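Presented below is the structure to which this report refers.
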Amino acid sequence: MPYDFDSIEKKWQERWSASHCFEAETDPSKEKFFCLEMFPYPSGALHMGHIRNYSIGDVLARFLRKNGKNVLYTIGFDSFGMPAENAAIKYKTKPHDWTLSNIAYMTEQLKRMGYSYDWKREAITCLPEYYKWNQWIFLQMYKRGIVFQKEAPVNWCEHCGTVLANEQVEEGCCWRCKNPVTKKNLKQWFIKITDYAQELLDDIEKDLGGWPERVRIMQTNWIGRSEGAKLSFKLPELDYELEAFTTRFDTIYGVTFIALAPEHELVKKMHTAMSREDAEKLDEFIKKVSSQSSIERSDAKAEKLGFKTPFYGINPVNGKKIPIWIANYILIDYGTGAIMGVPAHDTRDFDFCRKYNIPIIPVINPENGEKLDGATMKEAFTEDGIACNSGEFDGMKTSEAIKKMIDWGEAKGICKREVNFKLRDWLISRQRYWGTPIPFVYCDKCGVVPVPEEDLPVRLPEDVEVKEVGHSPLLDRPDFLNTTCPHCGGPAVREADTMDTFFCSSWYFDRYCSPGDDKRPFEKSDVDYWMPVDQYIGGIEHACLHLIYARFFAKFLTDIGLTEYREPFTRLLTQGMVIKDGAKMSKSLGNTVDPTEIVKKYGADTVRLFILFAAPPNNDLEWSDRNVEGAHRFLNRVWRYVEENCENLKAYGNKIISMDEIKAPALRDFKRKIHTTVDSVTHDIFDEKQFNTAIARLMELTNAIYSLNDASPEAWELKREAVNTLLNCLSPFCPHITEELWEMLGNEKMLCLEAWPAADKKAMTLDSVTVVGQINGKVRGKFERPAGMSKEELEKSILSEPFMIEKIADKEIVKVISVPNKLVNIVVK
RNA sequence: GCCGGAGUGGCGGAAUGGUAGACGCAGUGGACUCAAAAUCCACCGGGGGCAACUUCGUGGGAGUUCGAAUCUCCCCUCCGGCACCA
């Protein structure tokens, strides 16, 4: 009977489903394990990246179940978002219909792969049952002042017709469509993630030891804490105090200009106070700068543009008059949007001053004694050195000067220690239709009013026609827009913006713990039991997006008493990309491989095996048709052996022969192979998550089974033990074929419910070892010796080998190193 | 520019101080077959040698060590992240 993967796989998928064996129950008496994968966006079909992600997760889920853990393993769909709107225009359908039909298709694909999900817990974020709770959580945030509206220069993607959060701008471009992002002044909804900046940072060190170093560094940089001081310059002409943040207060004596971001509020003030002629020039300058895209403005190599205002500020340490400039390289949303310019010790300020002939005053000299001269310096001196031109601080080393000068400044009321973060508040509103409606109404009398909790959800109309990108169909829906004010009962208009979809994905794992609850987002006792996630698996591209937002949510939900955990993901595994012909598989490159076709040709077990064997999970994985065939060949080999030897294997049932009873060396080796395999596969799966080496060990065991030439009853007992072990250990990777063969061997209980085999330490001990004879560290000979010889015995034994004696014949032995069971190294002259 | 990570056969990769190249792919030779496919057996880093064997070999250079792919320092290359963050 050939290996008919198609019917075998369908058969077992049905059996698993009918037996409900993967459904999880909250049960505090059992040790839990929450295995989570980043849920997919229902773009239409699964791609190989998904298959890789979910195959990794399924191995862990199945392995841990076998190891007695109460495993929560489920899936859902992150199903709000722009592609649905684009597809609606393109295919003349509705985002809702398109999304749900994609979900149906992708669900089929997931089931066809044999993943052991608890489908009862599935979460679909675009359904009102789910997004109602987005709105509810949003209102809780609002109540606690974490949600607020403000007008600010925000990232605007013209192509997508919406604003974007900072995290969603990559190198000045939209993370979705890759088009340049510009700044636009708009009133928007924000979430105060910055309230948690310090905690988000501290907990990386404290609690995220199970995360890859790389992701921890990326988040640390993104949060971007910097310590310094805030100081203010008095502007006597305008009766204004201008605040600036600096990390280098020790260079305060070197300030030769002050620079403002073009968006700074003082710019307007100055505009009205300056002459008409100057004001016109300023307008021209602002126009020029604001026409620059974010990439142009944020490129470090871009030309620095400045405008000299007729005003000055007073340096608080020495009373000097400092000219005020407006410059394009000053960012409005970092610090105070104004800087003290110290060209001698800051590269950017240096470039700016050379361009506009602003004086340069060095206030630090290098430690090598060199004296800097502002007129001739070729570049800014940014290293530590010795203070000069700085009054009483002259001669101090930089590290000391920073501390002492801030102390002094604080005492005199000139400055104040301050910590600044690069992380900015999360811009949450989107000018899109296909998202969670923001539960607020605008009332002429009462202003911005939250929708009462009992009126949730604010439903998104589903029967819409999306006409063009950038125009939300909600704006054409008076039935949606027009409502009554919950406060005064008068006419009111609904907020037509929807939430960033990252809001949905920030708590979906909590919902998995407590699916279908219609009274609350989740039941606390369920979440308390299951959370945090023990193993999270997904792509690295979310390092500074989803993974930061979700961490923030965890902290917020705990602060309002809904949960107990402060970090959602204990361990994180970031799998590499799937590559073909040297590039990431993508539709635009046309180098994709459709999982459905491969499954049709070889079966799900082969695809899973290939994808797990071809590379360790963190590495990129090169697609190879040849290697897929190789994986298929291996499964055929396993199939053939069990099938051809089925009668014998069945005849010699389940009597385990212990190592003590086995005499023949070949059989002792064989028994040993079984148990060393279990031991290393267990270690590779759980401790290392190195599935490729685990599979290699199982291939070795298969080879050993094939090569054992012994038909004695004793040998058959051992072969049966080996086959049982092989099938059991292979089952998390290839669950269908192993179930089928397991059943073929007469087992009644499903293999997925069978406990993971235990490695018998006694069976792993070696009888004999190959000892290497080295001379000066180079391998010269290999000798069989009984295992467990002492250092001295071994040394003596190897030194008396004729081969070794000959090699060292006319040389003087300086030293001998003997490592039991391993080697003897003879050092000679 | 700053911060990470990685360089091992023809290829994917093993080995984290002790036999470099497990396992697989590709390749070569052979068996079976009328033939092919499938399967099985043998070989499979480079040089030298009929062979036993020998020598070189983990990006390059130095160092530590009896012994280094592995630890330390310098350099080169590639990949990733951040990037006018004051």
Side-chain angles (χ1 to χ4, degrees), chain A residues 2 170-172 212-222 224-226 228 244-249 251 259 261 297-304 327-331 333-342 345-349 351-352 382 420-424 540-541 543-544 576-577 579 609-610 613-616 618-631 633-634 636-637 640 680 690 692-703 706 769-782 803 814-819 821-828:
Chain A
E170 296 169 345
E171 292 173 15
E213 181 71 13
R214 185 148 80 113
V215 179
R216 289 171 26 205
I217 291 169
M218 282 165 76
Q219 288 208 354
T220 304
N221 293 340
W222 187 260
R225 183 191 148 102
S226 63
F245 173 75
T246 179
T247 53
R248 294 297 303 274
F249 190 72
T251 61
R297 253 193 82 180
S298 68
D299 184 354
K301 287 169 227 104
E303 196 188 11
K304 292 182 175 38
N328 66 339
Y329 74 97
I330 311 304
L331 307 172
D333 40 15
Y334 185 78
T336 63
I339 60 135
M340 57 178 228
V342 185
H345 306 291
D346 181 285
T347 321
R348 299 152 295 173
D349 296 346
D351 294 346
F352 189 73
T382 55
N420 240 292
F421 293 94
K422 216 185 79 166
L423 181 76
R424 272 161 251 163
I540 189 131
E541 65 273 15
C544 292
M577 294 184 295
I579 303 277
L609 186 70
F610 161 74
F613 179 62
N618 322 45
N619 286 26
D620 284 348
L621 181 150
E622 173 80 31
W623 182 266
S624 155
D625 291 327
R626 299 254 194 213
N627 287 336
V628 175
E629 280 173 36
R633 197 175 306 153
F634 169 70
N636 259 309
R637 221 164 121 74
R640 212 178 328 118
S680 48
Q690 286 260 96
N692 57 329
T693 49
I695 293 165
R697 296 289 91 83
L698 294 171
M699 288 174 169
E700 284 180 38
L701 180 60
T702 308
N703 293 342
Y706 263 96
V769 289
T770 305
V771 175
V772 172
Q774 295 185 332
I775 294 170
N776 290 340
K778 285 186 177 167
V779 180
R780 284 300 120 107
K782 296 177 185 183
F803 183 85
V814 181
K815 195 175 173 183
V816 179
I817 286 109
S818 176
V819 182
N821 292 336
K822 286 249 161 80
L823 59 87
V824 172
N825 185 15
I826 307 163
V827 185
V828 297

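What you see is a predicted model, and the numbers here were worked out from it, not measured in a lab. First the proteins, then the strands, lettered A, B, ... as listed; each starts at 1.
Distances from the side chain of A:Val827 to the nucleotides B:C66, B:A26, B:G18 place B:C66 closest. Each of B:A22, B:A86, B:U19 was ranked by its minimum atom distance to the side chain of A:Thr770; first place goes to B:U19. Checked against B:G13, B:A22, B:A86, the side chain of A:Ala615 finds its nearest nucleotide in B:G13. In the set B:C40, B:A86, B:U19, the nucleotide with an atom closest to the side chain of A:Val779 is B:U19. Of all nucleotides listed (B:C82, B:C23, B:G4), B:C82 comes nearest to the side chain of A:Glu171.
For A:Arg780 and B:U55, the shortest distance from a side-chain N or O to OP1 or OP2 is below 4.0 Å. Regarding contacts with the backbone of B:G13, every side-chain N or O of A:Gln690 stays at 4.0 angstrom or more from both OP1 and OP2. Residue A:Asn692 has a polar side-chain atom (N or O) positioned under 4.0 Å from OP1 or OP2 of B:A14. The side chain of A:Asn221 places no N or O atom within less than 4.0 Å of a non-bridging phosphate oxygen (OP1 or OP2) of B:C2. OP1 and OP2 of B:A20 both lie 4.0 Å or more from every side-chain N or O belonging to A:Lys778. Taking side-chain N and O atoms only, A:Ser226 has a distance below 4.0 Å to OP1 or OP2 of B:A86. A close approach under 4.0 Å does occur between a side-chain nitrogen or oxygen of A:Lys815 and OP1 or OP2 of B:C66.
Within the 4.0 angstrom heavy-atom criterion, no nucleotide atom of any strand lies near A:Glu213. When heavy atoms are screened at a 4.0 angstrom cut-off, A:Asn703 is found touching the sugar-phosphate backbone but no base atom. Within the 4.0 angstrom heavy-atom criterion, no nucleotide atom of any strand lies near A:Asn420. Residue A:Ser624 is classed as having no contact, given no heavy-atom separation below 4.0 Å to the nucleic acid. A:Ile330 comes within contact range of at least one nucleobase, with a heavy-atom separation under 4.0 Å. Contacts of A:Lys822 with the nucleic acid, taken as non-hydrogen atoms under 4.0 Å apart, involve only primed sugar atoms and P, OP1 or OP2. Residue A:Val772 is classed as a base contact, given a heavy-atom separation below 4.0 Å to a base. No contact: A:Glu622 has no heavy atom under 4.0 Å from any strand. At a threshold of 4.0 angstrom between heavy atoms, the contacts of A:Gly630 are confined to the sugar-phosphate backbone, with no base atom among them. Contact annotation for A:Arg216: no contact, since no heavy-atom pair falls under 4.0 Å across all strands. Across all strands shown, A:Arg633 has heavy atoms under 4.0 Å from sugar-phosphate atoms exclusively, and none from any base. Across all strands shown, A:Asn636 has no heavy atoms under 4.0 Å from either base or sugar-phosphate atoms. Residue-level contact check: A:Glu541 touches neither bases nor backbone, having no heavy atom under 4.0 Å from any strand.
Distance A:Arg640 CZ to B:U39 P: 6 Å, rounded to the nearest Å. Summarising the geometry, the separation between CG on A:Asp620 and P on B:G5 is reported as 17 Å, rounded to the nearest angstrom. Taking atom CZ on A:Phe610 and atom P on B:G24, their separation rounds to 16 Å, with Å as the unit. Distance, A:Gln774 CD to B:U54 P: 14 Å, rounded to whole Å. When the C1' atom of B:C3 is taken as reference, atom NZ of A:Lys422 falls 11 Å away, rounded to whole Å. Distance, A:Trp222 CH2 to B:G80 C1': 16 Å, rounded to whole Å. Note: CG (A:Asn619) to P (B:G24) measures 20 Å, nearest angstrom. Rounded to a whole Å, the CD1 atom of A:Ile775 is 14 Å from the C1' atom of B:C53.
Note: A:Glu700 CD to A:Thr702 OG1 = 9.5 Å, rounded to the nearest 0.5 Å. The distance from atom CZ of A:Phe352 to atom NZ of A:Lys304, rounded to the nearest 0.5 Å, is 9.5 Å. Remark: A:Ile579 CD1 to A:Asn619 CG distance equals 10.5 Å, nearest 0.5 Å. A distance of 12.0 Å separates NZ in A:Lys822 from CD in A:Gln774, rounded to the nearest 0.5 Å. Here CZ of A:Arg214 is found 3.5 Å from CD1 of A:Ile540. Values are rounded to the nearest 0.5 Å. Rounding to the nearest 0.5 Å gives a distance of 7.5 Å between CD of A:Gln690 and CG of A:Asn618.
Evaluation of atom-type donor-acceptor distances gives no pair under 3.5 Å for the side chain of A:Arg248 against the base of B:A86. In this model, a side-chain donor or acceptor of A:Asn825 finds a partner on the base of B:C66 within 3.5 Å.
Each of A:Tyr706 and A:Asn328 was matched to the nucleotide of RNA chain B holding its nearest heavy atom; the match closer to the 5' end belongs to A:Tyr706. Nearest-nucleotide assignment on RNA chain B puts the 5′-proximal partner with A:Arg637, out of A:Arg637 and A:Cys544.
Side-chain atoms of A:Asn703 and A:Arg637 include a donor-acceptor pair closer than 3.5 Å.
Across all strands shown, the partner of B:C2 is B:G81, judged by Watson-Crick or G-U wobble contacts whose two distances both fall under 3.5 Å. Pair check for B:C40 finds B:G30; Watson-Crick or G-U wobble, both atom distances under 3.5 Å. The pairing partner recorded for B:G21 is none, the criterion being a Watson-Crick or G-U wobble arrangement whose two distances lie under 3.5 angstrom. Shown here, B:G57 forms no base pair; nothing in the strands shown gives a Watson-Crick or G-U wobble contact with both key distances under 3.5 Å. Remark: B:C71 base-pairs with B:G63; criterion is Watson-Crick or G-U wobble with both hydrogen-bond distances under 3.5 Å. B:A14 is unpaired under the criterion used here, namely a Watson-Crick or G-U wobble arrangement in which both key atom distances are under 3.5 Å. Pair check for B:C50 finds none; no Watson-Crick or G-U wobble contact set falls under 3.5 Å.
Comparing the P positions of B:C76 and B:A14 gives an interatomic distance of 28 Å, to the nearest angstrom. Annotation: B:C79 and B:A62 have their P atoms spaced 28 Å apart (nearest Å). When the P atom is used for both B:C84 and B:U77, the distance is 25 Å, rounded to whole Å. Taking the C1' atoms as reference points, B:C53 lies 23 Å from B:G67, given to the whole Å. The separation of B:U55 from B:A68, taken at their P atoms, amounts to 16 Å, rounded to a whole angstrom. Rounded to whole Å, the P atom of B:G61 lies 23 Å from the corresponding atom of B:G12. B:G9 sits 12 Å from B:G46 when the P atoms are compared, rounded to a whole Å. Spacing between B:A51 and B:C44 at atom P, rounded to whole Å, works out to 13 Å.
Considering all non-hydrogen atoms of both residues, A:Asn328 and A:Glu303 come closest at ND2-O, 3.3 Å.
Syn is the glycosidic conformation of B:G9, whose angle stays within 90° of 0.
With respect to A:Glu629 and A:Arg626, no salt bridge is recorded, no charged nitrogen being found less than 4.0 Å from a carboxylate O.
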